[in-house]
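The structure under discussion appears below in the form of structure tokens.
All figures in this text were calculated on a predicted structure; none of them were measured in a lab. When reading the values below, keep in mind they use all heavy atoms of this one structure, side chains included, and skip hydrogens, waters and symmetry mates.
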Amino acid sequence: MTDKNAELFERAQRVIPGGVNSPVRAFRAVGGTPRFIQRAQGPYIFDAEGKRYIDYIGSWGPMILGHGHPAVLEAVQKAALEGFSFGAPTEREIELAEEIISLVPSVEQVRLVSSGTEAAMSAIRLARGATGRPMLIKFEGCYHGHADALLVKGGSGMATFGHPTSAGVPPEVVQHTLVLEYNNLEQLEEAFALHGDQLACVMIEPIAGNMNFVRAQVPFVKRLRELCTEHGALLAFDEVMTGFRVALGGAQSLYGQLIPGFQPDISVFGKVIGGGMPLAAFGASRAVMSLLAPLGPVYQAGTLSGNPVATACGLATLREIRKPGFFEALSARTGELVQGLQGAAQKAGVPMVFDHQGGMFGFFFANELPQHYNAVLATDKERFNRFFHAMLDRGVYLAPALYEAGFVSAAHTADDIAATVAAAGEALAEG
């Protein structure tokens, strides 16, 4: 009997590079055949064979309400009937901007765009325009989209300039990108001592979701804020993944509770604010945002920016998640999952560590939580790959790569969590 997923993958590879339109979907990291998804409902996705999976990817984060939430569907259907795209302003763009600003105190104005890559790229251009400086700092293991200046990595020694990690990116494009080790205070101090007067911005994922789930330590974020302020560099929080996902006010609200007066200068959002539609945003103070065209000299534009159907989807999603008790319930459900998985690992005698916040979680086959990218690389990748396939066989869809965080939605039930934990117990017992 032929597997429909394998058939589709073979067909896709003839017309699409690698058979996929975003690399991680190809299952190269874990091996095997990717599942081609036909439909989704609530916490479940269904593949081309009709098999149901409990979904912990959630389109890589946006589906915080689960798939096909009635209020979101209604908003999208109504908007689609009114028109797909106008290339002109709409009232809904204002409403979505107002909604974001009301939830994130550091943001006074936002510009809507179509993807997280576009938002991060534009935020860096804005920071350079605001400061008149060329350099930026990013951290190993943090992913800010595939703009040329950000496709770099650094060595494991002291602060080093980045080198392109993608063909097609000339070295001179990344010559102003400095790559540091995540959570390394010594490198941070050295970088500012050497280059502080040339730094336009530091961009960081406050909880890195592209090396699974690694938090920026509070002392590290506190010192980062101080150094940016002292040297006149802008601190950019990439909350494409964490924004409205780990807390209603994003990760910056969590650090604000622990660091008096803490705020980033620029914030980048995506995923949840689009509810599954292509939509992202970047925002800052009114003074910084006034440098954007048509008011200022920093140019940024997009034909589909503020798309009326995407903004309807995002607005309906944000209005649902700000209802009283939503995040408390989501956090509790995520905690149930993590505690259950932890118990299964202990019972099986498997070294496994976990972390979670809001509706986002991560785990590693290791004895202690990694604090930076090289530590993530040292965890047991082969065991992860075996676990991934054992869970997939049992109808649980985890991210097909060690380096990706997981996501719980409001649609996941106690029964879904129990089924996931039971599957994990069997998978871990298998080795």
**Asked** Taking it one step at a time, do W60 and K271 satisfy side-chain contact (heavy atoms from CB on, under 4.5 Å)?
**Response** CA-CA 8 Å; W60 303 99; K271 299 188 186 292; 3.8 Å; yes

**Request:** Test I207 against Q357 for side-chain contact (heavy atoms from CB on, under 4.5 Å), laying out the working first.
**Result:** CA-CA 9 Å; I207 299 174; Q357 187 72 54; 4.2 Å; yes

**Request:** I would like to know whether R383 and V350 meet side-chain contact (heavy atoms from CB on, under 4.5 Å); could you show each step before the answer?
**Result:** CA-CA 10 Å; R383 181 134 212 172; V350 175; 3.3 Å; yes

**Asked** Step by step, would you call E7 with K4 a side-chain contact (heavy atoms from CB on, under 4.5 Å)?
**Response** CA-CA 5 Å; E7 261 184 23; K4 183 72 170 168; 3.8 Å; yes

**Message:** Go through it in stages, so that I can follow the logic: the residues are Q300 and R125, the test is side-chain hydrogen bond (donor to acceptor under 3.5 Å, both in side chains), and I'd like the CA-CA distance, side-chain angles, deciding distance and then a yes or no.
**Reply:** CA-CA 9 Å; Q300 182 277 326; R125 184 182 302 155; over 6 Å; no

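Between the H195 side chain and the I137 main chain, no donor and acceptor come within less than 3.5 Å of each other. The main-chain N or O of A216 is found under 3.5 Å from a side-chain atom of Y182 such that the two form a donor-acceptor pair. Without hydrogens or angle criteria, D265 side chain to L235 main chain gives a donor-acceptor distance under 3.5 Å. Using a distance-only test at 3.5 Å, with no hydrogens or angles considered, no donor-acceptor pair links the side chain of R39 to the main chain of F46. The main-chain N or O of A366 is never found under 3.5 Å from a side-chain atom of D380 such that the two would form a donor-acceptor pair. Checking side-chain atoms of H356 against main-chain N and O of F363 turns up no donor-acceptor pair under 3.5 Å. No side-chain donor-acceptor contact under 3.5 Å links R133 to the backbone of A127. Without hydrogens or angle criteria, N183 side chain to Q217 main chain gives a donor-acceptor distance under 3.5 Å. Side chain of Q38 to backbone of G50: no donor-acceptor contact under 3.5 angstrom is found. The backbone N or O of E186 sits nowhere less than 3.5 Å from a side-chain atom of E190 that would complete a donor-acceptor pair.
Nearest heavy atom pair, residue P308 against residue T311, reads O-OG1, 3.1 Å. The two residues A405 and M360 come nearest to each other via the heavy atoms CB-CE, 3.9 Å. Contact detail for A414 and R333: the closest heavy-atom pair is N-NH1, 3.2 Å. In terms of heavy atoms, T242 sits closest to A251 at OG1-CB, 3.9 Å. When all heavy atoms of V24 and A401 are compared, the pair lying nearest together is CG2-CB, 3.8 Å. Of all heavy-atom pairs spanning S253 and A247, the tightest one is OG-CB, 3.7 Å.
Distance CD/Q263 to OG/S106: 5.0 Å, rounded to 0.5 Å. Here CD1 of I100 is found 5.5 Å from CZ of F244. Values are rounded to the nearest 0.5 Å. Atom CG of D355 and atom CG of L369 lie 5.5 Å apart (nearest 0.5 Å). Rounded to the nearest 0.5 angstrom, L8 CG and D47 CG are separated by 9.5 Å. Here H231 contributes atom NE2 and L199 contributes atom CG; the two are 8.5 Å apart, rounded to the nearest 0.5 Å. Atom-to-atom distance recorded for N385:CG and L402:CG is 7.5 Å, nearest 0.5 angstrom.
Between K78 and E74 there is no salt bridge, since no side-chain N of the basic residue sits under 4.0 Å from a carboxylate O of the acidic one. Between R223 and E189 there is a salt bridge, since at least one side-chain N of the basic residue sits less than 4.0 Å from a carboxylate O of the acidic one.
Considering only heavy atoms from C-beta on, L304 stays 4.5 Å or farther from P278 through its side chain. By the 4.5 Å heavy-atom criterion applied to side chains, E49 and R35 are not counted as neighbours. Two residues are said to be in side-chain contact when any heavy atoms from C-beta on lie closer than 4.5 Å; R28 and P23 fail this criterion. Side-chain contact between L279 and I273 is present, with at least one heavy-atom pair separated by less than 4.5 Å. Inter-residue side-chain proximity for F407 and V272 is flagged as unmet; no heavy-atom pair is nearer than 4.5 Å. Looking at heavy atoms from C-beta onward, R245 lies in side-chain contact with I64 at the 4.5 angstrom threshold. Within the 4.5 Å cutoff, no side-chain heavy atoms of P43 are placed close to those of D55. The side-chain heavy atoms of L188 and F139, taken from C-beta on, include a pair separated by under 4.5 Å.
Around NZ of K222, the count of heavy atoms belonging to other residues, nucleotides or ligands within 6.0 Å does not exceed 12. Other residues, nucleotides and ligands place more than 12 heavy atoms under 6.0 Å from the NE2 atom of H389.
F27 and F388 have their aromatic ring centers within a separation under 6.0 angstrom.
In this pair, F237 and F262 present their aromatic rings tilted. The plane angle is within the 30 to 60° band. The aromatic rings of F361 and Y56 lie perpendicular to each other, with more than 60° between the two planes, well past the 30° mark. Ring geometry for Y53 versus Y397: interplanar angle over 60°, hence perpendicular rather than tilted (30 to 60°).
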